[in-house]
Trainee: 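Quick one: this structure, given as structure tokens, is what I'll be asking you about.
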2 protein chains.
Amino acid sequence: MDGSEHTVQTRPLQAPVNDIRLTPTSYIVLGFLAAMDEATPYDLKQAVAQSVGNFWSVQHAQLYSEPERLARAGYLVEKREQTGRRRKRYTLTARGRGALRDWLGAPVHAVPELRDLGLLKLFFGADPTRLAAGQLEAHRAKLAEYEALAEQEMPAGMRRALDSGLGHEREFVRFWSRLAKRG
Amino acid sequence: MDGSEHTVQTRPLQAPVNDIRLTPTSYIVLGFLAAMDEATPYDLKQAVAQSVGNFWSVQHAQLYSEPERLARAGYLVEKREQTGRRRKRYTLTARGRGALRDWLGAPVHAVPELRDLGLLKLFFGADPTRLAAGQLEAHRAKLAEYEALAEQEMPAGMRRALDSGLGHEREFVRFWSRLAKRG
DNA sequence: CCTATCATGTAATCCGTTACATGATTAT
DNA sequence: ATAATCATGTAACGGATTACATGATAGG
């Protein structure tokens, strides 16, 4: 028995804006702002596209809405330019910096799902040889791109992520090569 | 050619329900229904969880809403049991079967994104050694799970997908092992 | 000049997740 | 019997994608 008859949680319709859920997208924004100190959504878009976007892309529209959301919740401050285009520029607050630090320090106990369309088709019985043709080409191209990227200098974290990407692309090439030959 | 000069597409607010976008989730439903002939959302949930869910999971709520959506659009027929629980049972229509066949036959030119939370943290400067500890454990467990699964018999498509999963988990273990030792 | 393309943003839609519920079964 | 778990579904919310727009800039 529950003394209170109201087991139903009646939350305020307008959840307090300072208590939002932080998603990977949130941390991508926080992470870049920590490195760039100040940025417009377009700056973020550029930064993401050239680096982390290789394994975790973000649509540009989200790089407009997400900073707004983070700013409303106190993780960023937004200042609007008064001249010309009146663009929005964002910077981290102490809260934002803290949230990023906490997240970076927390262990990850989950393993990611591959979510590979090619594998999904394989699973449902698609012809392996036919599939392998397209996939091999695509993965070889991606691998080449990574190998070129790897020539350049880059921050340690990005290098590590890139190394992992190289490993997985090589694995993909191995896998689809095998299928291409003997189904 | 369409004689209409109106380049501006004024679509009806209520998009025709027979013209929906098919997502990977849609094909997962179609794919299982092709194999199972007839199924309830719960059947689908079970089937997904034990197989494809290992690399492409689907929330159970979606296995209720997605078949409804597909049925409205003519890819499935829904019949409600008249007895007892009045569960909904779905079967493929010719349209559904055709859509699945087309999808399976179409090449995939995109490569998937890893979207690995561990990599994301690495990218943003998390401590590699600390991260590696948790990740190694998780990936070793997943690898063991796959190796056990691999002992069993299974359809050819699932076997191929599993092989790929094994390769990637081994790659993860290699990668994080290396980081665990010498950052 | 004209027109692509880049830059910058808003609005609408929708899929996917999370939360909420309740009816059957099984175990204790 | 009662609690726990499985089975079965609906509702609400929100993040992400897609579509829509317009202002600047550079190339021809």
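Order of the sequence lines sets the chain letters (A, B, ...), proteins ahead of strands, with each chain counted from 1. Computed from a predicted structure; not experimentally measured.
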Trainee: Mind calculating the distance between CD (Glu66(A)) and C1' (dA16(D)) to the nearest angstrom?
Mentor: 10 Å
Trainee: Residues two or more places apart in sequence or in another chain: which of them pass salt bridge (charged side-chain N to carboxylate O under 4.0 Å, His left out) with Glu66(A)?
Mentor: Arg69(A)
Trainee: Let me know the distance between CG of Asp19(A) and P of dT18(C), rounded to the nearest Å.
Mentor: 15 Å
Trainee: Show the atom names and distances, to 0.1 Å, of all donor-acceptor pairs under 3.5 Å that link a side chain in residues 104-116 of chain B to residues at least two apart or in another chain.
Mentor:
from, atom 1, to, atom 2, distance (Å)
Glu113(B), OE1, Ser57(A), N, 2.9
Glu113(B), OE1, Ser57(A), OG, 3.4
Glu113(B), OE1, Arg115(B), NE, 3.0
Glu113(B), OE1, Arg115(B), NH2, 3.2
Glu113(B), OE2, Ser57(A), OG, 2.6
Arg115(B), NH2, Ser57(A), O, 3.0
Asp116(B), OD1, Gly118(B), N, 2.6
Asp116(B), OD1, Leu119(B), N, 3.2

Trainee: Can you check the Leu22(B) CG to dT17(D) P distance for me, whole Å?
Mentor: 18 Å
Trainee: To the nearest angstrom, how far is Glu78(A) atom CD from dG9(C) atom P?
Mentor: 10 Å
Trainee: Examine the side chains of His168(A) and Glu171(B) and answer whether a donor and an acceptor come within less than 3.5 Å of each other.
Mentor: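 Glu171(B) and His168(A) do not have a side-chain donor-acceptor pair below 3.5 Å.
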Trainee: Check each residue of residues 54-65 of chain B for a non-hydrogen atom within less than 4.0 Å of any atom in DNA chain D, then write out the ones that pass by number, or none.
Mentor: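 DNA chain D contact set from residues 54-65 of chain B: His60(B), Ala61(B), Tyr64(B).
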Trainee: In whole angstrom, give the distance that lies between atom CG of Leu70(B) and atom P of dC15(C).
Mentor: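 It is 10 Å, rounded to the nearest whole Å.
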Trainee: Glu113(A) has an atom CD; how far is it from atom C1' of dG16(C), in whole Å?
Mentor: 13 Å
Trainee: Check the orientation of Trp103(A) and Tyr27(A). Use parallel for under 30°, tilted for 30 to 60°, and perpendicular for over 60°.
Mentor: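 Parallel: the ring planes of Trp103(A) and Tyr27(A) meet at under 30°.
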Trainee: Given atom OH of Tyr90(A) and atom C1' of dT8(C), what is their separation to the nearest angstrom?
Mentor: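 Roughly 12 Å, once rounded to whole Å.
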Trainee: With a 4.0 Å limit, can you tell me whether Arg69(B) has a side-chain N or O closer than that to the phosphate oxygens OP1/OP2 of dC15(C)?
Mentor: yes
Trainee: Below 3.5 Å, can you tabulate the donor-acceptor pairs from side chains in residues 144-154 of chain A to any protein atom, sequence neighbours excluded?
Mentor:
from, atom 1, to, atom 2, distance (Å)
Tyr146(A), OH, Asn54(A), O, 3.3

Trainee: Let me know the distance between CD1 of Ile20(A) and P of dG14(D), rounded to the nearest Å.
Mentor: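 Result: 11 Å.
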Trainee: So which one's nearest nucleotide on DNA chain D is more toward 5', Pro41(B) or Thr25(A)?
Mentor: Pro41(B)
Trainee: Strictly by salt bridge (charged side-chain N to carboxylate O under 4.0 Å, His left out), give each pair with a member in residues 25-41 of chain B just once, sequence neighbours left out.
Mentor: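 Residue pairs passing salt bridge (charged side-chain N to carboxylate O under 4.0 Å, His left out), neighbours aside: Glu38(B)-Arg89(B).
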Trainee: Between Arg115(B) and Lys45(B), which residue's closest nucleotide on DNA chain D lies nearer the 5′ terminus?
Mentor: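 Looking at DNA chain D, the more 5' nearest nucleotide goes with Lys45(B).
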Trainee: Restricting to side-chain contact (heavy atoms from CB on, under 4.5 Å), what partner residues turn up for Ala71(A), sequence neighbours left out?
Mentor: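 Listed in chain order: Leu76(A), Glu78(A), Tyr90(A).
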